[in-house]
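Here's the structure, in structure tokens; my notes come after.
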Amino acid sequence: MTARSLRSGEDADEFDVEEALALVKEDNGAAHRAPAPPPQASGRASEPHAHHKATPWAEARATAARAARAVTRGARRAPVSVRLEDALGLTLAAPLDALTDLPSFNTSAMDGWAVAGPGPWAVRDEGVLAGHAEPAPLTDGEAARIATGARIPPDTTAVLRSEHGQTDEKGRLHATREVVHGQDIRPRGQECRSGDQLLPPGALVTPAVLGLAAAAGYDTLTAVPRPRVEVLVLGDELLTEGAPRDGLIRDALGPMLPPWLRALGAEVTAVRRLGDSAAALRKAITGSDADVIVTTGGTAAGPVDHVHPVLGRIGAELLVDGVKVRPGHPMLLARTKENQHLVGLPGNPLAAVSGLLTLAEPLLRTLAARPAPEPYTLPLRDEAHGHPYDTRLVPVVLRGDSAVPLHYNGPAMLRGIAAADALAVVPPRGARPGQEAELLDLPWASAGIGVCFT
């Protein structure tokens, strides 16, 4: 796991008593204190009371969305034409207007007989199959075998279902129940007429949308392009295979982040392992043409935490420098170029997940023009312990009409989130059993396009 743990002060979940007393003192003096200067890219996360300079959790998410909206107005986010097979998960950038009537001709809704006039009917020798040219008209008293989806012969009164008809010894067809004019016929234009708007811009392209677009005559769709993301995995202590050994640990974020980012709507262009090198990090950031750079670890103020110093040297603008959330408070968001942002995730795995859902999700969702999920709450079945001052994100499973907090929710742990359906947003000081909590769905646990990782 990419846990830098206490080596650099990242996300120790334990709350120090002396820190608590100092924070209370700071709070009491806040009204008499001059406003703090805006944060700079100087890596000050470990300074005394530094978390007071951090951004509140909800405000950090809103800041990430605003940053993306500024980019979407640029030419780089111009709509693209995408073939249907590549459009799943994108957002429509233009209305989906019908290119034809649906259906484009009168069709049979069932297998059976097309009949004309009252019965009994003489049955033609030749039936009518789907995909064939328009058949000859029927005359009163005449019927023709017909398949579902086949063109209706002119002058047909109705379609008699196979189970509702039988033939006598002379081969004449009789109805076993009343025949209603027009029954089981799908008339031309029943679903839409050519030019009708089927879906507005902003609609998410789901599998059903692909089917509708194909039925309406489309080979390509005009969509908002996926934001391009490059992942930079930092840390000399990381192994890419085998069991942890000799003070080295397995990289958990390298395998986890790319599919998670794809589930959030991104195109992952590269995953690069840089180790703890400020020079390599600077070269990678300045040389990247991705829309979003995601780094793992190095966001605190330890001896090999290079993210803040590098961002300062390249003149990046820090939009969020620490968030009042646990785990994951040393996360950051920076504008590195006019149309490029960097999301700095803490190195501890669950802390990195917190950073993904706090900063990367609203940033990528807005870049991809996906609609924001509707917020919802459920009562907690058990108590959820909170942080004295910060929001806490706790993995939960959904059971009936309640959310059950999971164990193994420390910042370096993935066992809880691997079994979770969502993360509960727990306010400072915690939540009691039965208290309503806001939930953040995990992409693969919620309905919709998030289940597609490719």
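Computed from a predicted model, the values in this text were never measured in an experiment. The residues of the chain are indexed from 1 along the displayed sequence.
Side chain of D421 to main chain of L398: a donor-acceptor pair is present (N/O by atom type, distance under 3.5 Å, no hydrogens or angles). T286 contributes a side-chain N or O that, together with a main-chain N or O of R282, makes up a donor-acceptor pair within less than 3.5 Å. In this structure, T366 contributes its side chain and L363 its backbone to no donor-acceptor pair below 3.5 Å. Side chain of H308 to main chain of T299: a donor-acceptor pair is present (N/O by atom type, distance under 3.5 Å, no hydrogens or angles). Side-chain N or O atoms of Q183 include one that pairs as donor or acceptor with a backbone N or O of V159 at under 3.5 Å. Of the possible donor and acceptor atoms, none in the side chain of D184 sits under 3.5 Å from a partner among the backbone N and O of A109.
Two residues are said to be in side-chain contact when any heavy atoms from C-beta on lie closer than 4.5 Å; R370 and L204 meet this criterion. Side-chain atoms of T295 and V343, non-hydrogen and from C-beta on, never get closer than 4.5 Å to each other. Taking 4.5 Å as the limit, some side-chain heavy atom of L96 sits within range of a side-chain heavy atom of L221. Side chains of K324 and W57 form no contact here, defined as non-hydrogen atoms less than 4.5 Å apart. The side-chain heavy atoms of V426 and L393, taken from C-beta on, include no pair separated by under 4.5 Å. With a 4.5 Å cut-off on side-chain heavy atoms, W260 and L442 count as touching. Side-chain contact between T391 and V425 is present, with heavy atoms from C-beta onward closer than 4.5 Å. Taking the side chain as every heavy atom from C-beta outward, E59 and V323 never approach each other to under 4.5 Å.
N409 and R415 share no side-chain donor-acceptor pair at under 3.5 Å. A donor-acceptor pair shorter than 3.5 Å cannot be found between the side chains of S194 and D101. Side chains of T63 and R66: a donor on one and an acceptor on the other come within 3.5 Å. Looking at Q340 and T336, their side chains do bring a donor and an acceptor atom within 3.5 Å of each other.
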Considering only distance and modelled atom types, tabulate donor-acceptor pairs under 3.5 Å from the side chains of residues 432-440, sequence neighbours left out.
| from | atom 1 | to | atom 2 | distance (Å) |
| --- | --- | --- | --- | --- |
| R432 | NH1 | Q435 | OE1 | 3.1 |
| Q435 | OE1 | R432 | N | 3.2 |
| E436 | OE1 | T377 | OG1 | 2.7 |
| E436 | OE1 | L378 | N | 3.4 |

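Residue L274 comes nearest to L281 through the heavy atom pair CD1-CA, 3.9 Å, listed as atom of the first residue, atom of the second, then distance. When every heavy atom of P255 is checked against every heavy atom of P259, the shortest pair comes out as O-CD, 3.3 Å. A pairwise comparison of heavy atoms in A278 and V310 identifies O-CG2, 3.7 Å as the closest pair. When all heavy atoms of V71 and E338 are compared, the pair lying nearest together is CG2-O, 4.2 Å. Heavy atoms only, all atoms of each residue included: N348 and P411 are closest at CB-O, 3.1 Å. The minimum heavy-atom distance between R228 and D289, with the atom names listed, is NH1-O, 3.0 Å.
Each side chain to side chain donor-acceptor pair (under 3.5 Å) pair with one or both residues in residues 84-99, not counting sequence neighbours, appears once here: R83-E85. Residue pairs meeting the salt bridge (Lys or Arg N to Asp or Glu O under 4.0 Å) criterion with at least one member in residues 353-362, sequence neighbours excluded, are R61-E361, E361-R365. The salt bridge (Lys or Arg N to Asp or Glu O under 4.0 Å) pairs that include a residue from residues 376-388 number zero, where partners must be two or more places apart or lie in different chains.
Rounding to the nearest 0.5 angstrom, the gap separating the CD1 atom in I314 from the CD atom in E317 is 12.0 Å. Remark: L102 CG to R188 CZ distance equals 10.5 Å, nearest 0.5 Å. For the atom pair CG (L357) and CE (M331), the distance works out to 9.0 Å, reported to the nearest 0.5 Å. One finds the CG atom of D390 at 10.5 Å from the CZ atom of R429 (value rounded to the nearest 0.5 Å). Taken to the nearest 0.5 Å, the NE2 atom of H306 stands 11.5 Å off from the CD1 atom of I285. Note: T358 OG1 to H329 NE2 = 12.5 Å, rounded to the nearest 0.5 Å.
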Verify side chain to side chain contact (heavy atoms under 4.5 Å, CB included) between V233 and V271, making sure each step is shown before the conclusion. CA-CA 7 Å; V233 180; V271 179; 4.2 Å; yes
Begin from the C-alpha positions of S288 and E230 and carry the test side-chain hydrogen bond (donor to acceptor under 3.5 Å, both in side chains) through to its verdict. CA-CA 8 Å; S288 175; E230 185 171 355; 2.8 Å; yes
Stepwise, does the side chain to side chain contact (heavy atoms under 4.5 Å, CB included) test hold for L199 with L92? CA-CA 9 Å; L199 291 170; L92 292 180; 4.0 Å; yes
Could you check L423 against I417 for side chain to side chain contact (heavy atoms under 4.5 Å, CB included), going step by step and ending with a plain yes or no? CA-CA 8 Å; L423 287 174; I417 193 69; 3.6 Å; yes
One pair to check against side chain to side chain contact (heavy atoms under 4.5 Å, CB included): L367 and V292. What are the steps and the verdict? CA-CA 10 Å; L367 286 174; V292 177; 3.7 Å; yes
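In terms of the side chain to side chain donor-acceptor pair (under 3.5 Å) criterion, R69 has no residue partners (sequence neighbours excluded). Partners of T222 under the side chain to side chain donor-acceptor pair (under 3.5 Å) rule, at least two apart in sequence or in another chain, do not exist in this structure.
Taking 4.0 Å as the cut-off between side-chain N and carboxylate O, R226 and E267 do not count as a salt-bridged pair.
Each of L345, L318, V320 was compared with L332 under the side-chain contact (heavy atoms from CB on, under 4.5 Å) criterion, and only L318 meets it.
The environment of Y376 atom OH is dense: over 12 non-hydrogen atoms of other residues, nucleotides or ligands sit within 6.0 angstrom.
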